[in-house]
Amino acid sequence: MINTIKDQNDNVLAIIVKANYDKPGISFVTPDDYSQQLAYMHHPAGHVILPHIHNEVKREVLYTKEVLIIKKGKLRCDFYSNDQVYLESQVIETGDVILLVSGGHGFECLEETEMFEVKQGPYAGENDKVRFEPHKF
């Protein structure tokens, strides 16, 4: 199951790949022009991925995109427009993967949570983001 979260202007805020998603082969869930690519891979035993080297390709990254891989637990992800207006929330849990594409986002751990975060570098510290007050539930 893939869930795409969009704002009121149909801009993609996030793509959630639920833990039960299963499709044979390689399935890219992102368009080719995203600066962060996300693919799901499911291969049978004995499948060979040929050794390879990635070529040097200059890329321009304007906005950070983050991937969260939920190793354990449950997390509520709150989505905001670029104007910091609350839009909706989704719960992600053990085994889910979320690509945060645009807009704002905040989180509350609903259970003890372990996760990995993957994003483009180098890290720009506090210049990388604007923090704001969360929506009151």
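When atom types are taken as modelled, the side chain of S102 and the backbone of V12 share a donor-acceptor pair closer than 3.5 angstrom. Judged by distance alone, with hydrogens and angles left aside, the side-chain atoms of T30 form a donor-acceptor pair with the main-chain N or O of L38 at under 3.5 Å. A donor-acceptor pair under 3.5 Å links the side-chain atoms of Y80 to the main chain of H135, judged by distance alone. Judged by distance alone, with hydrogens and angles left aside, the side-chain atoms of D7 form a donor-acceptor pair with the main-chain N or O of N9 at under 3.5 Å.
For the pair V101 and L99, the minimum side-chain heavy-atom distance is below 4.5 Å. Annotation: side chain of H43 is not in contact with side chain of V48 (no heavy-atom distance under 4.5 Å). Taking the side chain as every heavy atom from C-beta outward, V85 and Q8 never approach each other to under 4.5 Å. In this structure the side chain of S27 never reaches within 4.5 angstrom of the side chain of I2, judged on heavy atoms.
Residues H42 and K23 come closest through the heavy atom pair CB-O, 3.3 Å. The two residues K65 and S35 have their closest heavy-atom pair at CD-OG, 3.7 Å. In plain terms, the two heavy atoms of L87 and S81 that are nearest each other are CD1-N, 3.6 Å. Counting all heavy atoms, side chain and backbone alike, D10 lies closest to K6 at OD1-CD, 3.0 Å. When all heavy atoms are compared, the tightest approach of A19 to D96 is N-OD1, 2.7 Å. Annotation for C109 and L75: closest pair SG-CD1, 3.7 Å, computed over non-hydrogen atoms.
I92 and F79 end up in the same hydrophobic cluster when Ile, Leu, Val, Met, Phe, Trp and Tyr side chains are linked at under 4.5 Å. Under the 4.5 Å side-chain heavy-atom criterion for grouping Ile, Leu, Val, Met, Phe, Trp and Tyr, F132 is connected to Y86 within one hydrophobic cluster. Hydrophobic clustering, with ILVMFWY side chains joined whenever heavy atoms are under 4.5 angstrom apart, groups V118 together with V17. Hydrophobic clustering of Ile, Leu, Val, Met, Phe, Trp and Tyr side chains at less than 4.5 Å, counting indirect connections, unites V97 with V29. Residues L68 and L110 do not share a hydrophobic cluster, clusters being chains of Ile/Leu/Val/Met/Phe/Trp/Tyr side chains in contact below 4.5 Å.
By the neighbour-count criterion of 12 heavy atoms within 6.0 Å, atom CG of D32 is sparsely surrounded, having that number or fewer from other residues, nucleotides or ligands. Counting non-hydrogen atoms of neighbouring residues, nucleotides and ligands closer than 6.0 angstrom, the NZ atom of K119 exceeds 12 such neighbours. Surrounding CG of L62 are more than 12 heavy atoms belonging to other residues, nucleotides or ligands, all under 6.0 Å away. More than 12 heavy atoms of other shown residues, nucleotides or ligands fall within 6.0 angstrom of atom CD in E111. When the shell of 6.0 Å around CD of E112 is examined, it contains 12 or fewer heavy atoms from other residues, nucleotides or ligands. F116 CZ: 12 or fewer foreign heavy atoms inside a 6.0 Å radius. Applying the 6.0 Å contact sphere to CZ of F137 captures more than 12 heavy atoms from other residues, nucleotides or ligands.
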Using side-chain contact (heavy atoms from CB on, under 4.5 Å), reason through E117 and M115 one step at a time and then give a plain yes or no.
CA-CA 7 Å; E117 177 186 66; M115 62 183 154; over 6 Å; no

Derivation of the side-chain contact (heavy atoms from CB on, under 4.5 Å) call for L100 and C77
CA-CA 10 Å; L100 298 159; C77 183; 4.2 Å; yes

In sequence, state the C-alpha distance, the side-chain angles, and the governing distance for V91 and K74, and then conclude on side-chain contact (heavy atoms from CB on, under 4.5 Å).
CA-CA 7 Å; V91 173; K74 189 181 287 189; 3.4 Å; yes

One pair to check against side-chain contact (heavy atoms from CB on, under 4.5 Å): R131 and E126. What are the steps and the verdict?
CA-CA 9 Å; R131 297 180 195 276; E126 287 303 309; 3.1 Å; yes

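I16 contributes atom CD1, which lies 4.0 Å from atom CD1 of I98 (distance to the nearest 0.5 angstrom). Between atom OG1 of residue T113 and atom CZ of residue R76 there is a gap of 12.0 Å, rounded to the nearest 0.5 Å. The NZ atom of K71 sits 5.0 Å away from the CD atom of E114 when rounded to the nearest 0.5 Å. Separating the CD atom in E66 from the NZ atom in K129 is a distance of 6.0 Å, to the nearest 0.5 Å.
Between F107 and H105, the ring-plane angle classifies as tilted under the 30° and 60° cut-offs.
Contacts of Y40 classified as ring pair (Phe, Tyr, Trp, His ring centres under 6.0 Å), with partners at least two apart in sequence or in another chain: Y21.
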